Amino acid sequence: MIAATEGRELIPLEEAVRILEELVSPLSREELLPLEEARGRVLSREVVAGLDNPPFDRSPLDGYALRSGDIAGAAKESPARLRVVAEVCAGGWYGGQTGPGEAVRIMTGGAIPAGCDCVVRQEDTDYGEDWVQVYQPVARHQNYCFAGEDIQKGGVLMEAGEKLSHVHIGVLAGQGLTHAPVRARLRAAVLSTGDEILPVGRPLSPGKIYNSNLPMLRARLEELGAEVTVSRSLPDHPEAVAEAIREACRSADVVITTGGVSVGKKDIFHQVLPLLRARRLFWRVQMKPGTPILCGAYGGCPLCCLSGNPFAALATFELILRPMLARLSGDQSMAYRRTTGKMAEDFPKRSPGRRFIRAVYRDGIVTLSGQNHSSGALYSMVGCNCLVDIEAGNKGLRAGDRVKVVLL
């Protein structure tokens with residue numbers, strides 16, 4: 001049961017994550033995609049092998065397939081001599097039975113004929129065509145690849161929830177499959193509000209700024225594998241925003257907005273949620289930046305309203321929304337990972353409350369990215385691959401301090 005926090009303020013980040021994760025269930029929609037389109041997608045059900053791989057006993061090298069007993073005493077000084085009865089290249093087939101004293105010239109990948117129990121390297125022979133001399137013994141089943149050695153028919157090849165890489169695609173193709181059953185992409189709508197924002201491409205008039213949040217969050221969602229169904233800028237009109245959310249929820253699994261969540265005159269989402277008759281889950285989280293994040297539920301659709309400050313919007317997206325998106329999509333690669341690292345430099349600023357600062361993590365060392373850590377600054381996020389998690393009450397970090405790190 002999800003406990004809403006209508007009357008509470010400043011809940012812990014972990015509680016906000018828990019509330020959103022409990023709100024959603026993994027999507028059940030499935031698509032059957034051609035293999036060439038399936039890389040990076042998540043399997044919706046297990047895949048069972050329909051055939052052995054390799055599908056026949058085969059040679060791993062160029063040489064001669066024969067009976068090991070026929071060359072048991074072979075040596076350079078006293079070679080074994082066998083009659084060559086056939087030649088098998090990769091893709092070829094010899095349907096006869098190889099008898100005592102007989103050999104089949106075989107190339108890498110060729111099917112080992114019946115009656116043969118090993119393959120001798122051609123370097124250990126005289127390369128004979130009608131008759132071949134073998135200069136050393138080979139044990140039974142040496143240089144021999146068995147049918148089903150890699151994959152056995154009927155075995156589970158891949159489990160539901162696995163993310164398909166190029167290797168998965170190769171394995172599926174090796175089974176003769178042309179399509180893969182995958183989870184449908186998570187569908188997200190992104191709306192940004194604010195009378196002060198302009199879409200890129202228009203002349204910048206006094207008092208206006210270009211909209212960076214909308215393209216940034218759209219790009220991040222697509223990087224994580226989501227499909228963005230709606231991407232719109234809206235003015236600070238509660239009724240218009242409420243109607244846009246109603247419309248977005250018809251095609252999206254989650255709606256993400258930026259702006260309008262603090263306590264100012266234009267912070268309209270305290271009016272928008274009642275207009276929607278949406279359930280408020282929480283407002284304000286114990287973290288900086290992004291404290292005033294507001295989350296609710298409209299029908300079965302999560303509604304996540306982030307700060308309009310670019311870094312604050314991005315930080316709360318990464319830290320609070322990504323675990324929920326991972327559960328909803330069934331793709332755990334959407335979630336972040338945590339580790340620890342050692343500070344390469346000082347960060348002397350006190351942190352009365354829990355704070356996240358942008359940084360670069362490499363080989364256990366944490367280097368700060370730029371000096372501007374304000375919630376409205378975005379440029380210093382370029383090149384970052386982590387956020388440093390600073391506990392409330394910290395009096396400043398020093399070079400060499402061990403710190404908690406969220407890997408993005």
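None of the values given here were measured: they were computed from a predicted structure.
In summary, Asp331 and Lys163 engage in a salt bridge, as defined by a charged side-chain N under 4.0 Å from a carboxylate O. A salt bridge is defined here as a Lys NZ or Arg NE, NH1 or NH2 lying under 4.0 Å from an Asp or Glu carboxylate O, and Arg185 with Glu31 fails to meet this definition. Under a 4.0 Å N-O distance rule, the pair Arg18/Glu14 does not qualify as a salt bridge. The pair Arg398-Asp401 does not meet the salt-bridge criterion, since no charged nitrogen lies less than 4.0 angstrom from a carboxylate oxygen.
Residues Ala313 and Thr258 share a closest heavy-atom pair of CB-CG2, 4.3 Å. The nearest pair of heavy atoms linking Ser25 to Leu328 is O-CD1, 3.3 Å. Between Trp283 and Val261 the shortest heavy-atom distance is NE1-O, 2.8 Å. Nearest approach of Leu214 to Ser233, heavy atoms of both residues: CD2-OG, 3.6 Å. Taking each heavy atom of Arg322 and Leu408 in turn, the nearest pair found is NH1-O, 3.1 Å.
Atom CD of Glu129 has 12 or fewer heavy atoms from other residues, nucleotides or ligands within 6.0 Å. Within 6.0 Å of atom CZ in Arg362, 12 or fewer heavy atoms from other residues, nucleotides or ligands are found, so the atom counts as exposed in its surroundings.
Geometric assessment of Arg358 against the ring of Phe311 yields a positive cation-pi assignment under the 6.0 Å and 45° thresholds.
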Do Arg140 and Cys118 pass the side-chain contact (heavy atoms from CB on, under 4.5 Å) test, and can you show the C-alpha distance, the side-chain angles, and the key distance before you say yes or no? CA-CA 5 Å; Arg140 183 171 181 265; Cys118 67; 5.9 Å; no
